[in-house]
Every structure is written in C-alpha cells, then in structure tokens.
Amino acid sequence: MTTLTKVTARANGEHTEVLVLVRHPMATGHHADAVSGNRIAAHYIETMTFRLNGHVVAEAYLGPGVASNPVTSILIPRTRPGDQVKVEWTDNQGQRGNGETVVE
Amino acid sequence: MNTINPERRHLLKIVFAGSAVTFAFTTGLATPVRLLADDWPRRTFEATGEAEILNTLFGHTNSRATDAVRIEAPTQSNGAVVSVKVVADLIAVEAIAVVTRNNPQPLNTFVSLSGAAGFYTCRIRVYHTSPITAYVKAGGKLYSTSALIKINTSGDGMRF
C-alpha cells in the first residue's frame, strides 16, 4: 500500500496552521475482513512530530481512537515566510513517513 | 538525564515541569514517570477510564472547567470521522488531550506542545453518543471543556 503524507502550511498573519493528511488505515485490530473473515491486524500511527526549522514545536500521539486517513493540525505562532515545516510519523508496525513544506 | 533522546525532552517538560513536580510531591500525588518508559504511552491509550488516563498523563485528576478552552465539533456525526478542534486561549499551553468518555478506550489523541500555540485539530472515532472532553495543561494547571456529540447509529453503536 502506498502511503501519502501531505503537509500544508496556511499562513494567517504571523501564525501558520500546519495541516497534515496521511493516507493510513488506522486499523484498531478489532475488525474482521468482510470477505475472508480474517482479523485485520492493528495498524495505526503512534507519533507525529512537527518541526519548525528543525526544532520540535509539537509532538502528537495518535492511536486506535483516531479516524482512518487522519487529518491533524497545529498552530505555530510568529512564523516568517521561508520557514521550513517538517512532519514525521511512525506507526505501530514500524513504518514511517514524512512530509514538508515552506511557509509562504 | 544525558541518556534521554533530546527529541523527547519536550515530553519530559510535561511530566517534570518544575513547579508541577514540587506541587505533586508536596501534595502526595503520583508523578507519571511510567510515561517515560515508552515513546508511545500504551498504558494511557489502553486505559478504560478517564481517571487512569489523567493520572498517567498529568499525575492527577484535578481539572478546572473553563470557557478559555473551546471545542469546535459537530453536535451530530457519523462516529467514524468526527472532526474536533480544540482552541485554548491560555498562556503557556503544554499539552492538549482529547478524550471520548463512552469509547471503550477513551483517549483519542494528545499533543505535547513546545513552541506551537494552544490549538489542535484531529479527526477522531466516537463509538456511541458521548461527551468529548478536551483537557489542557497550561502554566502547570489542568483545565477542561466538554461537548456532547450524538452519533447517528443504533444498537451497539459504531464498530471499527
């Protein structure tokens, strides 16, 4: 399965909302496949680290209580055009993903 | 302390924020040291009650309801995807947790802030009609606000 991590920076005056969309099943492990009847293994994002110019500004912790294809956002104050935003995530199966953008 | 990954230090800040630790020890409240043993706080996410979640995240369960924390969420929704926005009009916001009381595992998500503002949005799962509570730690104190979200399903509620 291809994963997609899309990071968007929405500047609003001096503040920037950083929006992250990840294509991810966020499987709880309590659900059976409708066709085979086999249990679908738990598969969910655990951590999501937000960096501004290399410094961690937020760390989100997710789990089975977050919807599939999660969308999360944070707000970074006092940003400037050209600031670099990077988001990295890890899941419970050891997969990783990241995305980045620049504040306009 | 030198062995601790510097990228995790902002998490330590929640747990060991100076005055909070003093307060916790002098009042006999446990500090949530076990959170440090694991990058992802499994015990907190697997907890079935709100008190255990608050104890493991913040070291106590004493939160103060406030209008300074706002939840923006639909009043009715399909439980599979409920967009929740938490806005905390407080200074020195250190962490925000989103908890759905009637979920089998009530903690949906939390965020530790180390430069970002008191703001967090996430799309969560809600199994049954339930209050959603945002717990916000700011300036060493714990605040909360709740909103009721009705889920448009019958019987056992949503299955995930």
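Just so it is clear: chains get the letters A, B, ... in the order the sequence lines come, proteins before strands, and each one is counted from 1.
Put simply, Val93(B) and Val84(B) are part of the same group of oily side chains (I, L, V, M, F, W, Y) that touch within less than 4.5 Å, one to the next.
Glu94(B) places a side-chain N or O within 3.5 Å of a backbone atom of Gly140(B) that can act as its donor or acceptor partner. Asn152(B) contributes no side-chain N or O that, together with a main-chain N or O of Gln76(B), makes up a donor-acceptor pair within less than 3.5 Å. Listed for the Thr79(A) side chain is a donor-acceptor partner under 3.5 Å among the backbone atoms of Glu14(A). Put simply, the side chain of Thr145(B) gets close to the backbone of Thr66(B): a donor and an acceptor are under 3.5 Å apart. Within the 3.5 Å criterion, the main-chain N or O of Tyr44(A) finds no donor-acceptor partner in the side chain of Asp91(A). With hydrogens and angles ignored, the 3.5 Å screen pairs a side-chain donor or acceptor of Asn102(B) with a backbone N or O of Thr129(B).
Interface check for chain B: of the options Val66(A), Leu19(A), Ile40(A), Val18(A), the most heavy-atom pairs under 4.5 Å are formed by Val66(A). No other option in Thr28(A), Asn92(A), Ile76(A) has as many heavy-atom pairs under 4.5 Å with chain B as Thr28(A). When Pro64(A), Gly65(A), Ser73(A) are compared by the number of non-hydrogen pairs under 4.5 Å with chain B, Ser73(A) comes out ahead. Ranked by heavy-atom pairs under 4.5 Å with chain B, the first of Val20(A), Leu52(A), Leu62(A) is Leu62(A). Heavy-atom pairs under 4.5 Å with chain A peak, among Asn108(B), Val82(B), Thr109(B), Thr121(B), at Thr121(B). Top candidate by heavy-atom pairs under 4.5 Å with chain B, chosen from Ala67(A), Gly63(A), Ala60(A), is Ala67(A). Put simply, of Thr90(A), Thr72(A), Asn69(A), the one with the most heavy-atom pairs under 4.5 Å next to chain B is Thr72(A).
Looking at Tyr120(B), the atoms closer than 4.5 Å to chain A (heavy atoms on both sides) sit in the backbone and in the side chain alike. For Thr16(A), no part lies near chain B; criterion is any non-hydrogen pair under 4.5 Å. At a 4.5 Å heavy-atom cutoff, Met48(A) makes no contact with chain B through either its backbone or its side chain.
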